[in-house]
Structures are given as structure tokens and as C-alpha cells.
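Remember, it's 1-based here, ligands and their atoms both numbered in the order they're listed.
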Amino acid sequence: MNKIITIDGPSASGKTSVAKLVAGRLGVPYISSGLLYRAVALMCLLENASTEEIEGRLGKYRLELRPTPESNHIYLDGRDVTESLHSLEVDSAVSAVAQQPKVRGYVNAVLRRIPGPFVIDGRDMGSTVFPQAEHKFYLTASPEVRAQRRVPERDAAYDTVLSEILRRDEADKEQSAPARDAVLLDTSHLDLDGVVRAVLGHIDR
Ligand code: DC
């Protein structure tokens with residue numbers, strides 16, 4: 001099978017954890033598309049370049065995403081930079097980078113070259129990048145619940161994390177509308193296992 005399953009949603013909606021577990025249960029790789037936008041944001045920080053300047057320098061780096069069953073690794077010119085992609089600095093820079101049309105075209109081209117099957121998470125995987133996907137899901141949760149979930153992953157206080165989530169919801173909203181044929185799942189009152197069971201239930205149906 002070369003099925004593609006898309007799991008989209010706003011930041012900290014749990015889509016990466018869900019995508020990983022669903023992929024594991026199905027025995028296929030999972031892909032986190034946000035990591036590629038984060039890698040371009042890291043390029044801006046490394047080069048001290050503006051988001052507009054980085055558009056002209058995308059070809060300077062060799063960007064690779066290598067999926068393993070448990071995680072994704074991102075390489076810039078052969079160097080594994082995965083550990084640097086979830087800092088607050090990258091969080092702050094990434095939305096502006098992801099709004100650049102050339103950056104979106106570049107990331108989408110990298111993604112479309114990956115052979116199926118896989119489970120992929122992002123914002124516009126079901127609506128734009130893989131409209132032909134077999135199953136599409138869109139996860140939502142209140143900003144407060146998402147901030148609570150994210151605090152342990154960031155070395156920052158709840159209020160800082162919540163305001164960063166609200167800022168990114170606003171900045172990312174253009175590319176974050178659910179695909180018309182996506183299954184919408186509000187995860188505010190579900191734990192991770194409950195969301196995974198709901199997703200697998202729809203796939204089995
Ligand atoms: O899912 P994430 O938080 O790792 O995504 C990082 C940023 O990349 C997020 O601010 C929005 C952007 N993004 C996007 O615009 N389109 C995607 N398909 C995935 C992520």
C-alpha cells in the first residue's frame with residue numbers, strides 16, 4: 001500500500017504524538033512537516049538573515065528529512081540539527097518563515113518526493129499538499145489545554161507558553177484551515193491514547 005494519512009492541527013494540538021503512534025500501529029513511517037519549516041527558521045538564525053533574505057538562499061543548504069520508526073531527523077548539509085529545532089528562538093521565528101510562498105513551495109516539494117506509505121502531520125497536509133490522501137484528520141484543543149501540554153517540553157512558564165501559542169495561532173491561521181473532507185477531532189477532553197483510538201477507529205471503518 002502507498003497510503004497517505006494526514007493529521008493536521010494548530011501548534012501543540014498533539015498531532016505529532018498522535019501521528020507517531022498511529023504510524024507505529026500501522027507499521028508505516030511518520031513524517032513531521034513542521035520540522036522542515038523549523039529547519040528553514042534555523043537557517044535564518046544561523047545566517048542572521050531575514051525571512052525575505054532566506055528565500056534567495058534556500059539552495060545553499062542540503063536539507064534532508066530522514067524518518068525512523070520513532071522519530072524524524074533533520075540534516076543540514078549532513079549535520080543532524082534535530083536537537084536545535086524546538087527552542088523558543090525557533091518557535092518565535094518559524095511562523096514568519098512559513099508565510100513566505102517560496103519557502104512553502106520549497107518545503108512542499110521536499111515532502112512530495114517522499115514515497116508513501118506514511119502518516120504526516122502539519123497544518124495544510126490534507127488541504128493543500130496531499131489532497132489525494134486516503135484519510136485526513138484535523139485535531140483541535142483549547143489554547144489553555146495546548147499550553148498545559150506544551151509546558152513540560154519547553155523550559156518556560158505556562159503564561160509564556162500560552163501567549164506564544166496564541167501568537168502562533170494568529171500567525172499560522174492562513175495555512176491552517178482544515179481540509180473540507182477532514183475528520184475533526186476535539187482532543188481537549190481526551191488523553192493521547194483516546195485520540196489514537198479515535199483515529200484508528202475511523203481508519204478501520
Ligand atoms: O507543527 P510545528 O509546531 O512543529 O510547526 C512549526 C511551524 O511551521 C508552525 O508555526 C507553522 C508552520 N507549519 C506550516 O506552516 N505548515 C505545515 N504544514 C507545518 C508547519
If you have a sec, work out which protein heavy atom is nearest atom 19 (C) of ligand 1 and how many Å separate them, to one decimal? Ser33 OG, 3.5 Å
By number and element, which atoms of ligand 1 are closer than 4.0 Å to a non-hydrogen atom of Ser95? 10 (O)
If you measure from each heavy atom of Lys15 to ligand 1, is any distance below 4.0 Å? yes
Does an N or O from Arg38, backbone or side chain, lie closer than 3.5 Å to an N or O of ligand 1? yes
Heavy-atom contacts under 4.0 Å between Arg123 and ligand 1: side chain, backbone, both, or neither? both
I want to know if ligand 1 touches Arg104 in the polar sense, i.e. an N/O pair below 3.5 angstrom. yes
Among all protein heavy atoms, pick the one closest to atom 8 (O) of ligand 1 and tell me residue, atom and distance. Tyr37 CB, 3.5 Å
Going by distance alone, is a donor N or O of one side chain under 3.5 Å from an acceptor N or O of the other, for Arg149 and Thr187? yes
Under a 4.0 Å N-O cut-off, is there an ion pair linking Asp8 with Lys15? no
If the threshold is 4.0 Å, N to carboxylate O, is there a salt bridge linking Glu170 and Arg168? no
Any N or O of Arg150 closer than 3.5 Å to N or O of ligand 1: no
Tell me whether the centres of the aromatic rings in Tyr106 and Tyr37 are closer together than 6.0 Å. no
Exactly one of Ile54, Thr51, Leu58 clears side chain to side chain contact (heavy atoms under 4.5 Å, CB included) with Gln100, and that residue is Thr51
To check your reading of the model: name the closest protein heavy atom to atom 12 (C) of ligand 1, its residue, and the distance in Å. Ala98 CB, 3.8 Å
Tell me, yes or no, whether the heavy-atom count around Glu144 atom CD, taken from other residues, nucleotides or ligands under 6.0 Å, exceeds 12. yes
Looking at Asp124 and Arg104, is any side-chain nitrogen of the basic one under 4.0 Å from a carboxylate oxygen of the acidic one? yes
When you measure from the heavy atoms of His86 to every atom of ligand 1, does any distance fall below 4.0 Å? no
